[in-house]
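Before any comments, here is the structure.
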Amino acid sequence: GVPVCVGPGPARGMDREFFGAQGNDDDGGGGGGGGSWGGSSWGELRLPSRQRLLASVYHAVDASGFSDGVVGDPRGPLPRQFEYHPRNPHMLVYGTMMGDLVVTNPHTNEPIAVTPARRAWGCLRSAELNVLGLSWLHKDPHHFVAGCNKGFINLYNVTKLRNAMHADPAGEVVDKVSFPRFDSLTSVHANCMDELFLCSGYHEDVHLYSLETGKLVQRLRQLHARHINVTKFSPVDPNIFCTSSFDKTVKLWDLRQKIQDRPPVFSASSDQGNVMVCFSPDARFILSSAVDNEVRQYTCDGRLHTVFDMPKRNSRHNYTRSYYINGGDYVICGSCEESCVRVLNARTGKLFTEVAMAEHVSTSFPKVSLYVQSLRGVPIHPFDFSVLVNSMPFLTSQICRVNWLESKRGS
């Protein structure tokens, strides 16, 4: 039988017109922000100051960018997407709703490199320029791929970014490899050999690029019946990847097969549209997240393994995302019409704990509704994860780190 977990819970998104205003990424969720930021000098970027500790073991990165994150404040670009370095928990990159890129040490909240949109993409900062795709390379610890909703894709070198910030303001920040545009981008992901990366978005097609030459290697057409929100390579096999779509399916593919002429390795259906999909660290399982807390785990041959039966809000805008932590033993899950993060056992599906983010977020607005926009496990550290928390009606996003074990030990 399939283990089912019924968890208690307290009580945004994914249609095209909804994301026209809110943006999209491999997690879904809200967006926005405003203000303009002209000019090009590095002095215009106000670097994050240290935030006070919210508790002895909780702290918030000043993810509002460079100020307090008040909507409309041109000094405060709001974070839109973030990714930990897969092997270095002291390095995190995040992109903003205005096109800026920031590499930071999340443990000290000190910036490593800050790159405004004009340097990152060659265009002015704009509320319509959202960084949605981020993927660290696996073998090269200093490079990551970034993509924005306007279709620009670049390979960045952290050393160059840091030098341009501190020593060489006119220096290059983008590696020489240039990639063809992919309009309406929502997701990028590099394979484990750092040879290729996938790109998906508001299309039924997926593009495969060469990291060495920058060329479009293959255009994989009509892999789904609706747009493909997320593509992910296997962490151990450079040819295996999975896709998730709002056609209510997730699919597994093998580049060694002629994908255009053959069905996927497997296809699994959900009741609602799929927001995202990811592999377990050992690549034995696939985790799919569909709208309104519909999270399921499959074996890589397509067998349903676990259904995480969490409370429904009966909302088509309750976009859910989930990731593995603790080497794949547990799953963290958050939704953008809820203010808590659930931690669940990946093998049994049982609820382990819930974390109410309202207790760990600093906001200058007394009456706001918090929601989980994105989340990631912190590499190496057990029961350690970070959450991109946003609020309505005022956008005041923060990346909050939660170390559950330390909080329990402290209490």
Side-chain angles (χ1 to χ4, degrees), residues 12-33 80-81 83 95-99 117 120-121 123 126-135 145-154 179-190 196-209 216-233 241-251 253 259-260 264 267 269-270 272-278 288-292 316-321 335-336 373-374 388 390:
R12 237 182 205 275
M14 211 46 82
D15 291 339
R16 177 77 187 209
E17 57 269 20
F18 185 85
F19 271 110
Q22 296 236 43
N24 188 10
D25 64 354
D26 58 29
D27 300 304
R80 187 61 188 86
Q81 178 62 285
E83 289 288 349
T96 76
M97 296 179 190
M98 303 288 280
W121 312 105
C123 54
S126 164
E128 297 179 353
L129 187 63
N130 284 210
V131 178
L132 302 180
L134 293 168
S135 178
V145 179
C148 67
N149 59 329
K150 296 297 185 182
F152 302 120
I153 310 166
N154 288 321
F179 305 99
R181 285 181 63 173
F182 186 90
D183 290 331
S184 301
L185 176 151
T186 60
S187 174
V188 298
H189 198 247
L196 305 166
F197 73 90
L198 294 161
C199 189
S200 65
Y202 280 111
H203 311 268
E204 294 79 35
D205 304 344
V206 169
H207 285 190
L208 184 68
Y209 295 90
L216 177 62
V217 175
Q218 198 170 358
R219 183 179 287 108
L220 305 171
R221 300 182 184 274
Q222 301 294 311
L223 297 191
H224 286 268
R226 291 189 63 187
H227 77 264
I228 302 168
N229 203 43
V230 170
T231 55
K232 294 286 186 184
F233 267 113
F241 70 96
C242 55
T243 53
S244 63
S245 169
F246 278 82
D247 66 1
K248 302 182 180 181
T249 64
V250 294
K251 298 180 180 181
W253 308 89
I259 290 178
Q260 296 298 154
S267 177
S269 298
S270 59
Q272 304 295 328
N274 284 291
V275 180
M276 62 163 293
V277 66
C278 65
S288 70
S289 304
V291 172
D292 206 15
R316 68 188 184 96
H317 294 310
N318 191 29
Y319 301 102
T320 301
R321 72 281 301 148
S335 297
C336 56
Q373 186 171 15
S374 186
L388 175 54
N390 216 323

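Note: hydrogens, waters and symmetry copies are ignored here, and every other heavy atom, side chains too, is used. This is a predicted model, so every value here is computed, not measured.
Using a distance-only test at 3.5 Å, with no hydrogens or angles considered, no donor-acceptor pair links the side chain of S184 to the main chain of G201. Within the 3.5 Å criterion, the main-chain N or O of T249 finds no donor-acceptor partner in the side chain of S269. Side chain of D205 to backbone of Q222: a donor-acceptor contact under 3.5 angstrom is found. A side-chain donor-acceptor contact under 3.5 Å links Y209 to the backbone of P180. Between the N318 side chain and the S335 main chain, no donor and acceptor come within less than 3.5 Å of each other.
To the nearest 0.5 Å, the span separating OG on S126 from CE on M97 amounts to 13.0 Å. In this structure, R80 CZ and L134 CG are separated by 11.0 Å, a value rounded to the nearest 0.5 Å. Separating the NE2 atom in H227 from the CD atom in E204 is a distance of 9.5 Å, to the nearest 0.5 Å. Here the CG-CZ distance, from L223 to F241, works out to 6.0 Å after rounding to the nearest 0.5 Å. L196 CG to L208 CG: the interatomic distance, rounded to the nearest 0.5 Å, is 4.5 Å. The OG atom of S289 lies 8.5 Å from the CZ atom of R321; values are rounded to the nearest 0.5 Å.
In summary, the side chains of Q373 and N390 do present a donor paired with an acceptor at a separation below 3.5 Å, with no hydrogens or angles considered.
Across G99 and A120, no two heavy atoms sit closer than the pair O-CB, 4.1 Å. Of all non-hydrogen atoms in S187 and N229, the two that sit nearest each other are CB-O, 3.4 Å. When all heavy atoms of C278 and K232 are compared, the pair lying nearest together is CA-CG, 4.2 Å. Heavy atoms only, all atoms of each residue included: K248 and G273 are closest at CG-N, 3.8 Å.
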side-chain contact (heavy atoms from CB on, under 4.5 Å) between L185 and C199, intermediate numbers included:
CA-CA 7 Å; L185 176 151; C199 189; 3.2 Å; yes
Using the side-chain contact (heavy atoms from CB on, under 4.5 Å) rule, take N274 and S245 through it: C-alpha gap first, then chi angles, then the decisive distance, then the call.
CA-CA 5 Å; N274 284 291; S245 169; 5.9 Å; no
Full working for side-chain contact (heavy atoms from CB on, under 4.5 Å) between F152 and C123
CA-CA 10 Å; F152 302 120; C123 54; 4.3 Å; yes
Kindly determine whether I153 and F197 satisfy side-chain contact (heavy atoms from CB on, under 4.5 Å), including the steps that lead there.
CA-CA 11 Å; I153 310 166; F197 73 90; 3.7 Å; yes
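Each of L216, V188, L220, L198 was compared with H207 under the side chain to side chain contact (heavy atoms under 4.5 Å, CB included) criterion, and only L216 meets it.
Ring planes of Y319 and F246: perpendicular class, angle over 60° (limits at 30 and 60°).
A search for ring-ring contact (aromatic ring centres under 6.0 Å, His included) contacts involving H224 returns nothing, not counting sequence neighbours. H203 meets the ring-ring contact (aromatic ring centres under 6.0 Å, His included) test with F182; sequence neighbours excluded.
Looking at heavy atoms from C-beta onward, V291 lies in side-chain contact with V275 at the 4.5 angstrom threshold. For the pair T243/S200, no side-chain contact is recorded, criterion being any heavy-atom separation below 4.5 Å from C-beta on.
The environment of CD in E128 is sparse: at most 12 heavy-atom neighbours from other residues, nucleotides or ligands sit within 6.0 Å.
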